[in-house]
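All values below were derived from every heavy atom in this structure, side-chain atoms included, with hydrogens, water molecules and symmetry-related copies excluded.
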Amino acid sequence: MKLSRLFQPRNPLFWLMLVFNLLSSVLAWALRSYPLSSVGLVVITSLALANAFMGMWLAWRLIRDDGET
């Protein structure tokens, strides 16, 4: 498993991973910057965690990919 396999600008999964990670960062910033109600806090936290996990899963797929995509 090589970490250099993570950078694949021609692969759409690479760009999708970047979008998920950027969105997770924006959601985490929103959590810290704005006072939210309990429902808003749960919703934004759930979305941020789901985005972070999707970004990590896509990174794992890019690293483990054998070139079939």
Side-chain angles (χ1 to χ4, degrees):
M1 201 169 16
K2 291 184 177 182
L3 194 56
S4 63
R5 300 258 321 137
L6 189 61
F7 185 71
Q8 299 179 26
R10 294 180 193 258
N11 192 339
L13 292 178
F14 171 75
W15 296 106
L16 190 58
M17 177 198 66
L18 287 181
V19 168
F20 275 124
N21 288 330
L22 180 64
L23 186 57
S24 294
S25 299
V26 169
L27 290 170
W29 171 78
L31 280 170
R32 292 186 47 90
S33 298
Y34 298 108
L36 299 170
S37 67
S38 297
V39 173
L41 188 64
V42 168
V43 168
I44 299 295
T45 301
S46 300
L47 288 173
L49 288 173
N51 277 302
F53 287 128
M54 285 298 296
M56 287 188 294
W57 179 70
L58 287 171
W60 180 77
R61 277 193 59 191
L62 286 168
I63 290 173
R64 299 279 301 178
D65 192 16
D66 292 332
E68 54 205 37
T69 307

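Grouped with L22 in a hydrophobic cluster is no other residue, since no side-chain heavy-atom contact under 4.5 Å to another Ile, Leu, Val, Met, Phe, Trp or Tyr is found. Hydrophobic cluster membership for M56: L49, F53 (Ile, Leu, Val, Met, Phe, Trp, Tyr linked by side-chain heavy atoms under 4.5 Å, directly or transitively).
Applying the side-chain contact (heavy atoms from CB on, under 4.5 Å) test to V43 and every residue at least two apart in sequence or in another chain returns V39, L47. Qualifying side-chain contact (heavy atoms from CB on, under 4.5 Å) partners for M54, counting only residues two or more places apart in sequence or in other chains: F20, W57. In terms of the side chain to side chain donor-acceptor pair (under 3.5 Å) criterion, residue partners of S33 (sequence neighbours excluded) are, by chain and number, W29. Scored by the side-chain contact (heavy atoms from CB on, under 4.5 Å) test, A48 finds L27 as partners (sequence neighbours excluded). Every residue meeting the side-chain contact (heavy atoms from CB on, under 4.5 Å) condition with L18, not counting sequence neighbours, appears here in chain and number order: F14, W15.
Distance CG/N11 to CG/L6: 10.5 Å, rounded to 0.5 Å.
No continuous path of ILVMFWY side-chain contacts below 4.5 Å connects I44 to V26, so the two sit in separate hydrophobic clusters. Hydrophobic cluster membership is shared by F7 and L58, with clusters built from Ile, Leu, Val, Met, Phe, Trp and Tyr side chains linked at under 4.5 angstrom.
The list of side chain to side chain donor-acceptor pair (under 3.5 Å) pairs with a residue in residues 38-55, not counting sequence neighbours, is empty.
The minimum heavy-atom distance between G55 and M17, with the atom names listed, is O-CG, 3.5 Å.
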